Every structure is written in C-alpha cells, then in structure tokens.
Amino acid sequence: MRKFTTKDLTLAAMVAALYAVMSYFGNVFGLTYGPIQLRFSEALCVLPFLFPATAPGLFVGCLAANLLSPYGPLDIVVGSLATLIAAVWTSRVKRRWLAPLPPVVCNTVLVGFTIAFAQTGFTAALPAAWLYNGLTVGVGELGACYVLGMLLLKLLPRVDYFKPMIAPKETA
C-alpha cells in the first residue's frame, strides 16, 4: 500500500466538498433524500476505481450531505458507512464496467433498509418496505453510477492533468 500524500488528501477533500454540494443541489429539486432518490453526487462513487484516495472523501461528503437527511442519525451513520464500504470495494475492482456495482449494491441493501426501518421500525411491514425502498434506491443508484459514473470513468482518463494520478489497472 502506498503512502497517503498531500495531493491525495487534497483530492479527497475536493471530492468530499463536491459530493456534499451536489447532494444539497439535488435536494433543491427533491431528488436527494427519500425512498425514490437520484443523487447526482453518487456518480462520484466510481472515482475510487481511478483514484483510490477519493474513498475517504466520499465518506466525508456523504456524511455532510446526510446531516440533512429526514431519516435522522441512522441514515447519517448507515448511509455514510454504505458509501465508505462501496468506495473501498470500488477501489479494489479490476474492470471498469464493474466499478459502479459496489455503490449500487451497498446503497440498495443498506440505505433501502435504513429508509424502511425509519418508516416501519421492527414490524411485520419491514421486509416489504425494505424490498420496495431497496429497489427504488437501487434504480436511482443504477442511473447515477452506471450512466453518469461510467461517463466519468470514460472521460477523466483522457484529461492530461489526471493521467499521472490514475491507479494502474485494467480499464476495459
């Protein structure tokens, strides 16, 4: 494992700020929070595939964004941890087309549960609510990560500034 540099810290901080701002902006249109959500900021969750140092930045950005969550402390903790788990997992993925999968899976399961629990608590309705919320969150994640995120994965390696910072791996 390589040393975390000042450049890495700066990149992580920029991603954290960008994630939080994009989430707050999406909230203006009612897209960021709720059972049906499309967080444009989730497209950034593919960045650890190219830049592993962005993983902690995604966690901090999500934590900041979740401070406004209507689902309270549970979403602040679980939602932010879902992003951290997905970011670390994405940094270990070897193929570009698989990079969006960890955020989709983690958020479908964990955020879907968080919203369902906030709605029903531990009642008989929890499994059905979890399934519904997981599916709706998952569809939003698919859109953000596989459409917008894949666009990032295709375009960022073409920018000369980013080329030296990209982690070496197979990108097909």
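The basis for the numbers below is simple: all heavy atoms, side chains too, and nothing from hydrogens, waters or symmetry mates. We count residues from 1, following the sequence as given. Predicted model, so just to flag it, every value in this text is computed and none were measured.
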Heavy-atom closest contact ([X] atom, [Y] atom, distance):
X      : Y      : answer
Leu58  : Thr83  : O-CG2, 3.7 Å
Asp75  : Asn66  : O-ND2, 3.3 Å
Cys62  : Gly79  : SG-O, 3.8 Å
Pro127 : Ala124 : CD-O, 3.4 Å
Ala116 : Ala129 : CB-C, 3.5 Å
Val46  : Ala43  : CG2-O, 3.2 Å

[X], [Y]: one ILVMFWY side-chain cluster at the under-4.5 Å cut-off?
X     : Y      : answer
Phe25 : Leu18  : yes
Phe49 : Val88  : no
Val77 : Leu67  : no
Val93 : Val105 : yes
Leu68 : Val60  : no

Going from [atom1] on [X] to [atom2] on [Y], what distance comes out if it is rounded to the nearest 0.5 angstrom?
X      : Y      : atom1 : atom2 : result
Leu98  : Arg96  : CG    : CZ    : 11.5 Å
Phe162 : Leu47  : CZ    : CG    : 8.5 Å
Leu152 : Cys45  : CG    : SG    : 10.5 Å
Glu42  : Met22  : CD    : CE    : 9.5 Å
Asn133 : Phe113 : CG    : CZ    : 11.0 Å
Glu141 : Thr136 : CD    : OG1   : 10.5 Å

Practice task
Spell out, as yes or no, whether a donor-acceptor pair under 3.5 Å connects the side chain of Asp8 to the backbone of Thr5.
Solution key: yes
Practice task
Could you tell me whether a side-chain N or O of Trp130 sits under 3.5 Å from a main-chain N or O of Val109, the two making a donor and an acceptor?
Solution key: yes
Exercise for the section: Please say which of Leu110, Leu38, Val104, Val111 ends up in a side chain to side chain contact (heavy atoms under 4.5 Å, CB included) with Val137. Expected result: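 Checked Leu110, Leu38, Val104, Val111 against Val137; only one passes side chain to side chain contact (heavy atoms under 4.5 Å, CB included): Val111.
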Can you find a heavy atom in the side chain of [X] that is under 4.5 Å from one in the side chain of [Y]?
X      : Y      : answer
Val78  : Tyr71  : no
Thr10  : Thr6   : yes
Pro48  : Trp89  : no
Asn107 : Arg39  : no
Thr90  : Pro103 : yes

Problem - Val15 and Phe51: CA distance, side-chain angles, deciding distance, side chain to side chain contact (heavy atoms under 4.5 Å, CB included) verdict - result: CA-CA 11 Å; Val15 167; Phe51 314 104; over 6 Å; no
Exercise for the section: Walk me through it: do Tyr24 and Ser41 pass the test side chain to side chain contact (heavy atoms under 4.5 Å, CB included)? Expected result: CA-CA 9 Å; Tyr24 291 146; Ser41 54; over 6 Å; no
Practice task
Before giving the answer on side chain to side chain contact (heavy atoms under 4.5 Å, CB included), spell out for Leu50 and Met165 the whole-Å C-alpha distance, their side-chain angles and the decisive distance to 0.1 Å.
Solution key: CA-CA 8 Å; Leu50 299 173; Met165 292 187 281; over 6 Å; no
